[in-house]
Amino acid sequence: MYVENKKVDLKERKDIPVEYTWDLESMYKDKETWERDIYKVQKKSEEYSKYKEKVGQSADILLQALKDRDDLYRTVSNVYSYANMKLDQDTRVGESQALLDKALSIYVKVQESTSFLVPEILQIDPEELDKYYAEASGLKLYKQHLEDILRQREHVLSTKEENLLAQMGEVTSAPEQIYSMLNSADIKFPIIKDEDGKDIEITQGNFVPLMESKDRNVRKAAFEGLYHTYENFKNTYAQTLSGNMKKNIFSAKVRKYNSSIEASLEQNNIPVSVYDNLIKSVHNNMDSMYRYMDIRKRALGVEELHMYDLYTPIVKYVDFNIPYEQGKDLVIKGLSPLKEEYIDVLKKGFDSRWVDVYENKGKRSGAYSSGTYDSKPFILLNYQNTLDSVFTIAHEMGHSLHSYFSKGNQPYIYGGYSIFVAEVASTVNETLLLDYMLKNVKDEGERLYLLNHYLEQFRTTVYRQTMFAEFEKMIYEYAEAGNAITADYLSNTYKKLNEKYYGPNVVIDDEIAIEWARIPHFYYNYYVFQYATGYSAAVSLSQQILAEKDIAVERYLNFLKSGSSDYPINVLKMAGVDMTTEEPVNNALKLFGKLVDEMDQLV
Ligand SMILES: [Zn+2]
């Protein structure tokens, strides 16, 4: 009912004061200028075929082909990004949908028309290429970029084989598609009683909210209802996962990698030791998690803490009621340890319409930071006067300032940053803001609420994602050793990991064994560990910033300014964290232990 009332009150976009909207007009002042870029891209992508089968002929041709490709992508990303954000601000506008469709099709065209470039670069003789740098001086700029391509030369197959593999793509993606259909469209869960005794059907969308219910009977019914249903399909789920794993193992093998994990991590030049160190460090800090679970058990006053007791809040909700202007001030104060240069840009962002602040009719939900090399680093919010909303400002501003500094200090080709470091800047900001707020709370209720917020981030981002990462590694090693992946194997392995990660203070219910079937991330091919490493790196960096001040801030800003001019592990080293060692994760988890102690005294 509350939600419905709120929807009626929503404003139309035109009624929102312009200073609280983003300034998309700074990208294109009208549809005509946008159309002009579309036309330009169309023409240039047709002309691009002039480089076909000629890329390796001379240094000048290679340089020109790279430059023209960059120009094409630079323009098409403006065209696409503008259309995307225009649609997001009011998804009901048909014209915006038409713009996006047009932008998408031209984007695909650019990809197609330039697709021969990398394979042709890979055919250039390495010694020949070395000479090229002297022949065309502009090529030096592309050295890191070209080396990154050539690094994978030994894993690229012949044109004929690559072609065959590409055509097989539709077939080998079937397990993932079948999983997605089964898991989101076809599976149906039972009807249970909600807190008011009314019938409610469990869905993928309401499962977590049901698990947060204060009524233990509701949580238990949702937990059992959902997982018993999964249990009924366990063999199908096991086969789809196994099929997807076989695809990745096959691809790693034919591309001459030692293992599927090596094949995946090598994309970003990340050593497997980073993955292993993460798991090792978390294992060494299990004790803090066990103590945290003990606090939860006491706070809930239950004799046994079950798996369905992990999501319900253990502290009283505090309504901070922070209007946007106040939220902005809080973020500025919270991030002040990052010093003048950073804060000046932050204020500039607030003052020059980077942010689309309020919800309006038809606006896309959620929040993101987006933009292009040429645009402002825009932010979409749906600001709600809550503490979460304030953290969202800090988070998205982290992304936007990372983009701002990278773009301002790097040429186009290195102006972005890799997935491995993508969440570092956003998390550093959240952590600094939390630290500030913890130091400035009004009472114990607020302190408890903030502490709990922090600890839950650690639990879900570091411990849980590392558990997922360990599971992934174990099941792939098992399959790569020639064993068959069965539902029983997956469930036994998963349950044992839950016992290890949650410890003696939690009853690991049998039902949790099948949770692996619910998690889509196991189809992402060694992706989730980056949530844990990124979070740990960020916590480690924010601790350095708070303790070492100026030197640490300078290192950190250099990291923000370096974009993708070097490999992710190296730019993080520049910032002050060496992810090839156990230290950053250990440091982050040391802080977790300290916060658990604090919470322990308050509960
Ligand atoms: Zn983010």
Side-chain angles (χ1 to χ4, degrees), residues 140-149 151 265-278 281 335 337-346 369 373 377 394-395 397-432 529-588 590-591:
K140 282 202 192 80
L141 174 74
Y142 286 96
K143 201 160 181 203
Q144 164 74 12
H145 176 66
L146 289 169
E147 271 171 11
D148 196 26
I149 295 172
R151 198 167 52 80
L265 269 57
E266 177 126 334
Q267 306 301 315
N268 288 314
N269 206 18
I270 292 166
V272 176
S273 63
V274 171
Y275 200 101
D276 293 333
N277 281 335
L278 169 72
S281 308
L335 301 186
L338 290 172
K339 299 282 158 72
E340 213 183 339
E341 188 183 354
Y342 191 94
I343 297 298
D344 283 350
V345 178
L346 179 67
S369 158
Y373 190 74
H395 182 103
M397 271 299 185
H399 288 307
S400 283
L401 267 84
H402 193 179
S403 302
Y404 180 90
F405 282 117
S406 284
K407 292 188 302 190
N409 291 277
Q410 296 296 331
Y412 174 76
I413 186 75
Y414 307 124
Y417 40 83
S418 106
I419 288 285
F420 189 73
V421 303
E423 291 301 332
V424 171
S426 52
T427 312
V428 163
N429 282 8
E430 280 200 60
T431 311
L432 291 175
F529 83 103
Q530 302 176 110
Y531 295 127
T533 49
Y535 190 85
S536 304
V539 169
S540 233
L541 286 171
S542 59
Q543 296 307 105
Q544 291 179 24
I545 289 163
L546 291 168
E548 296 170 39
K549 308 225 161 65
D550 289 1
I551 327 164
V553 171
E554 201 188 314
R555 280 200 306 259
Y556 180 65
L557 285 185
N558 284 337
F559 155 71
L560 296 182
K561 289 171 185 171
S562 62
S564 54
S565 60
D566 202 343
Y567 295 119
I569 289 289
N570 295 346
V571 290
L572 274 177
K573 247 182 225 168
M574 193 176 353
V577 284
D578 183 353
M579 297 309 288
T580 62
T581 69
E582 289 175 51
E583 208 193 335
V585 183
N586 279 337
N587 281 345
K590 215 188 280 166
L591 176 67

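Bear in mind the structure is a predicted one, so any value in this text is a computation, not a measurement.
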Identify the two heavy atoms, one from [X] and one from [Y], that lie closest to each other, and give their separation to 0.1 Å.
X	Y	answer
H399	A422	CE1-O, 3.1 Å
P337	L546	CG-CD2, 4.0 Å
M579	A537	SD-CB, 3.9 Å
V424	G534	CG2-O, 3.9 Å
G563	V571	O-CG1, 4.2 Å
I569	P271	CG1-CD, 4.1 Å

CA sep, side-chain torsions, deciding dist, call: D148, Y142, side chain to side chain donor-acceptor pair (under 3.5 Å) | CA-CA 10 Å; D148 196 26; Y142 286 96; over 6 Å; no
Any side-chain heavy-atom pair from [X] and [Y] closer than 4.5 angstrom?
X	Y	answer
T431	V428	no
S418	S564	no
F420	T533	yes
Y275	I270	no
L346	M397	yes
V539	N587	no

side-chain contact (heavy atoms from CB on, under 4.5 Å) assessment of V553 paired with E548 | CA-CA 8 Å; V553 171; E548 296 170 39; over 6 Å; no
Rounded to the nearest 0.5 Å, what separates atom [atom1] in [X] from atom [atom2] in [Y]?
X	Y	atom1	atom2	value
D344	L338	CG	CG	12.0 Å
D550	R555	CG	CZ	11.5 Å
Q144	D566	CD	CG	5.0 Å
Q530	L265	CD	CG	7.5 Å
T581	K573	OG1	NZ	9.0 Å
E266	R151	CD	CZ	5.5 Å

Got a sec: does the [atom1] of [X] have more than 12 other heavy atoms crowding it under 6.0 Å?
X	atom1	result
Q267	CD	yes
E583	CD	no
I419	CD1	no
K339	NZ	yes

Indicate yes or no for a side-chain donor-acceptor contact from [X] to the backbone of [Y] under 3.5 Å, with no hydrogens or angles considered.
X	Y	result
T427	Y535	no
N409	F405	yes
E430	A394	no
N277	T580	yes
Y414	H145	yes

Donor on one side chain, acceptor on other, [X] and [Y], under 3.5 Å:
X	Y	value
S400	S369	yes
S403	Y417	yes
E423	S426	yes

Does the distance from a Lys or Arg side-chain N to an Asp or Glu carboxylate O, for E341 and K561, drop under 4.0 Å?
-> yes
Could you label the plane-to-plane angle of the Y556 and F559 rings as parallel, tilted or perpendicular, counting under 30° as parallel and over 60° as perpendicular?
-> tilted
Full working for side-chain contact (heavy atoms from CB on, under 4.5 Å) between Y342 and N429 = CA-CA 11 Å; Y342 191 94; N429 282 8; 3.0 Å; yes
